[in-house]
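What follows is a set of notes on a single structure, which appears directly below.
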Amino acid sequence: MSDRIIGMLLNTPIEQYKVAGRTVYVKREDLCAPEDWPPFSKLRGLYAYLRLRKTQGLETVGYTETTVSMAGWGIAAVAHSLGMRAVIFPPDYKHPEKRKDLPWLEHHRQKWVRWGAEIVPLPAARHQINWYRGKNYLTKHYGPKTEMLPLGIPFQETVEETAKVWQACPAELRRGTTVACMGSGTIFSGLMRGWQPGDGRLVGVLVHKGINAAEMLQKCMSKAHRLFGGLVGSPASAVQIIDGKWDYHETGNIEAPFPCHQYYDLKGWQWLVENLHSLPDPVMFWNIGHSPVETK
């Protein structure tokens, strides 16, 4: 099963759409996973990471989840496939009826149950606080062979796998403009990792405000092990990070002609559509994930 999964994670289509009379290419990375796994491309690195950690003796993984993220769903599915235990720590809101994103949390909860994860709600608090609460829970109940995974599952394995996918794209598409949304910056770091002299411009659109674009660039360069702006053949203009001024729990407000995630990718797609006139061809959108159909 593991070889089959790895094979599926390495092949996604590139589709074409007409936008304002121009052709935009969409790399459907949301289609990278097996059936009933979450439709987003961080699964490549997550699978590689947990597969390695299992060989090192890890038995149980935990994760503090947000309402709209699919990471917990992915962790539950991957852990199940590897014969590991997953414990998901979702936020327990005092007034959940006031949240418009509650259907997302309920949908994801069904998926955690589907893949056999243990669910331990924690009072809604800052992520760092609940991360330590989760860590204490794992240690108390399951001992030392446990690990709390970081928010956004920003594994180096995902950077490396994304770089491979980027380099497998047709060279003529890599020479234009590629746009992707940015949360933790892990997927974008993979694009930077795979970028080579002769490739075009990479544009990252932040999905929530409060992140300093310059700091994010430094973070991505560190993950990518690439020095953009200083390396010969990689001018500073090759990478641009855009602060879209979005709140994290705010959705994009346009429709996309392909399935994408309202809280993540749709914001990047909206920026692309609104700024298409200034983007050199060929233009490619890196679609990391799409919204579960059941919650639309």
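All values below were derived from every heavy atom in this structure, side-chain atoms included, with hydrogens, water molecules and symmetry-related copies excluded.
Between the side chains of Thr178 and Tyr25, no donor-acceptor pair of N or O atoms lies under 3.5 Å. In the model, Arg133 has no side-chain atom that pairs as donor or acceptor with a side-chain atom of Asn136 under 3.5 Å. Under 3.5 Å, the side chains of Glu106 and Gln110 contain no donor-acceptor pair of N or O atoms.
A salt bridge does not link Asp265 to Lys267: none of the charged nitrogens lies less than 4.0 Å from a carboxylate oxygen. Between Arg85 and Glu118, no side-chain nitrogen of the basic residue sits less than 4.0 Å from a carboxylate oxygen of the acidic one, so the salt-bridge criterion is not met. Salt-bridge annotation for Arg28 and Glu15: present, with a side-chain N of the basic residue lying under 4.0 Å from a carboxylate O of the acidic one. One finds a salt bridge joining Glu147 and Arg53 here, because a Lys/Arg side-chain nitrogen approaches an Asp/Glu carboxylate oxygen to under 4.0 Å. The existence of a salt bridge linking Glu59 and Lys145 is confirmed by a sub-4.0 Å separation between a basic side-chain nitrogen and an acidic carboxylate oxygen. Salt bridge present: Lys209 and Asp247 bring a charged side-chain N and a carboxylate O closer than 4.0 Å.
With hydrogens and angles ignored, the 3.5 Å screen pairs a side-chain donor or acceptor of Thr139 with a backbone N or O of Lys135. In this structure, Asn287 contributes its side chain and Leu266 its backbone to no donor-acceptor pair below 3.5 Å. A side-chain donor-acceptor contact under 3.5 Å links Thr162 to the backbone of Thr158. Side chain of Ser69 to main chain of Glu65: no donor-acceptor pair is present (N/O by atom type, distance under 3.5 Å, no hydrogens or angles). Using a distance-only test at 3.5 Å, with no hydrogens or angles considered, no donor-acceptor pair links the side chain of Tyr264 to the main chain of Thr251. Under the 3.5 Å distance criterion, the side-chain polar atoms of Trp195 are left unmatched by any main-chain donor or acceptor of Gly190.
Linking ILVMFWY residues whenever their side-chain heavy atoms come closer than 4.5 Å, directly or via other members, places Val179 and Tyr17 in the same cluster. Cluster annotation: Met192 is connected to Met284 through the hydrophobic network of ILVMFWY side chains, with a link wherever side-chain heavy atoms come within less than 4.5 Å. Residues Leu276 and Ile242 are members of one and the same hydrophobic cluster, defined by side-chain heavy-atom contacts under 4.5 angstrom among Ile, Leu, Val, Met, Phe, Trp and Tyr. Hydrophobic clustering, with ILVMFWY side chains joined whenever heavy atoms are under 4.5 angstrom apart, groups Ile211 together with Val239. By the rule that hydrophobic residues join a cluster once side-chain heavy atoms approach within less than 4.5 Å of another member, Trp131 and Val87 end up as members of one cluster.
Of the inter-residue distances, the one linking Ile187 atom CD1 with Lys223 atom NZ reads 9.5 Å to the nearest 0.5 angstrom. Note: Gln56 CD to Leu50 CG = 11.0 Å, rounded to the nearest 0.5 Å. Put simply, CD on Gln167 and CD on Gln196 are 5.5 Å apart, with the number rounded to the nearest 0.5 Å. How far CG of Leu191 is from CZ of Arg174: 11.5 Å, rounded to the nearest 0.5 Å. To the nearest 0.5 Å, atoms CG (Leu105) and OG1 (Thr66) are separated by 8.5 Å. In this structure, CE on Met70 lies 12.5 Å from CD1 on Ile75, to the nearest 0.5 angstrom.
Inter-residue side-chain proximity for Val78 and Tyr47 is flagged as met; some heavy-atom pair is nearer than 4.5 Å. Between Leu43 and Pro38 the shortest side-chain heavy-atom distance falls below 4.5 Å. Residues Leu31 and Pro39 have side chains not in contact (no heavy-atom distance under 4.5 Å, counting atoms from C-beta outward). Using a 4.5 Å heavy-atom cutoff, the side chains of Met182 and Val205 are not in contact. Counting heavy atoms from C-beta outward, Val19 and Val273 have side chains that approach closer than 4.5 Å. Looking at heavy atoms from C-beta onward, Ser189 lies out of side-chain contact with Thr186 at the 4.5 angstrom threshold. The shortest side-chain heavy-atom distance between Met84 and Thr60 does not fall under the 4.5 Å cut-off. Contact annotation: the side chain of Pro90 approaches that of Arg109 to within less than 4.5 Å [non-hydrogen atoms, C-beta and beyond].
Residues Tyr49 and Leu149 come closest through the heavy atom pair CE2-CD2, 4.1 Å. The shortest heavy-atom contact between Ile119 and Pro121 is O-CD, 3.7 Å. Of all heavy-atom pairs between Met148 and Gly134, the closest is SD-C, 3.7 Å. Contact between Cys181 and Val207 at its shortest, heavy atoms only, is CB-CG1, 3.6 Å. The two residues Leu46 and Phe155 have their closest heavy-atom pair at CD1-CE1, 3.8 Å. Between Ile14 and Cys169 the shortest heavy-atom distance is CD1-SG, 4.3 Å.
For Tyr137 and Phe89, the ring centers sit closer than 6.0 Å to each other.
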| field | Pair Leu82-Arg51, side chain to side chain contact (heavy atoms under 4.5 Å, CB included): steps then yes or no | value | CA-CA 7 Å; Leu82 294 172; Arg51 189 186 189 199; 4.3 Å; yes
| Yes or no on side chain to side chain contact (heavy atoms under 4.5 Å, CB included) for His261 and Ile288, after CA distance, side-chain angles and deciding distance? | CA-CA 8 Å; His261 199 291; Ile288 298 167; over 6 Å; no
| Checking side chain to side chain contact (heavy atoms under 4.5 Å, CB included) for the pair Arg193/Phe188: CA distance, chi angles, key distance, verdict? | CA-CA 9 Å; Arg193 175 70 171 162; Phe188 197 78; over 6 Å; no
| query | Does the pair His290 and Glu29 meet the rule for a side chain to side chain contact (heavy atoms under 4.5 Å, CB included), with working shown? | reply | CA-CA 9 Å; His290 72 243; Glu29 283 290 270; over 6 Å; no
| query | Between Asp199 and Arg175, is a salt bridge (Lys or Arg N to Asp or Glu O under 4.0 Å) present by the stated rule, with each step listed? | reply | CA-CA 4 Å; Asp199 288 345; Arg175 296 190 190 107; over 6 Å; no
| message | Under the criterion side-chain hydrogen bond (donor to acceptor under 3.5 Å, both in side chains), I'd like the reasoning laid out for Lys42 against Ser184: C-alpha separation, chi angles, the key distance, then a yes or no. | response | CA-CA 11 Å; Lys42 280 188 177 180; Ser184 67; 3.0 Å; yes
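Using the six-membered ring where Trp is involved, Phe285 and Trp269 have ring planes that are perpendicular, over 60° apart on the 30 and 60° scheme. Ring planes of Trp37 and Trp115: perpendicular class, angle over 60° (limits at 30 and 60°). Taking the six-membered ring for Trp and thresholds of 30 and 60 degrees, His108 and Trp73 have ring planes inclined between 30 and 60 degrees apart.
No option in Val203, Leu272, Asp281, Leu202 other than Val203 meets the side-chain contact (heavy atoms from CB on, under 4.5 Å) test with Thr177.
Atom CD of Gln128 has 12 or fewer heavy atoms from other residues, nucleotides or ligands within 6.0 Å. No more than 12 heavy atoms of other residues, nucleotides or ligands shown are found within 6.0 angstrom of OH on Tyr132.
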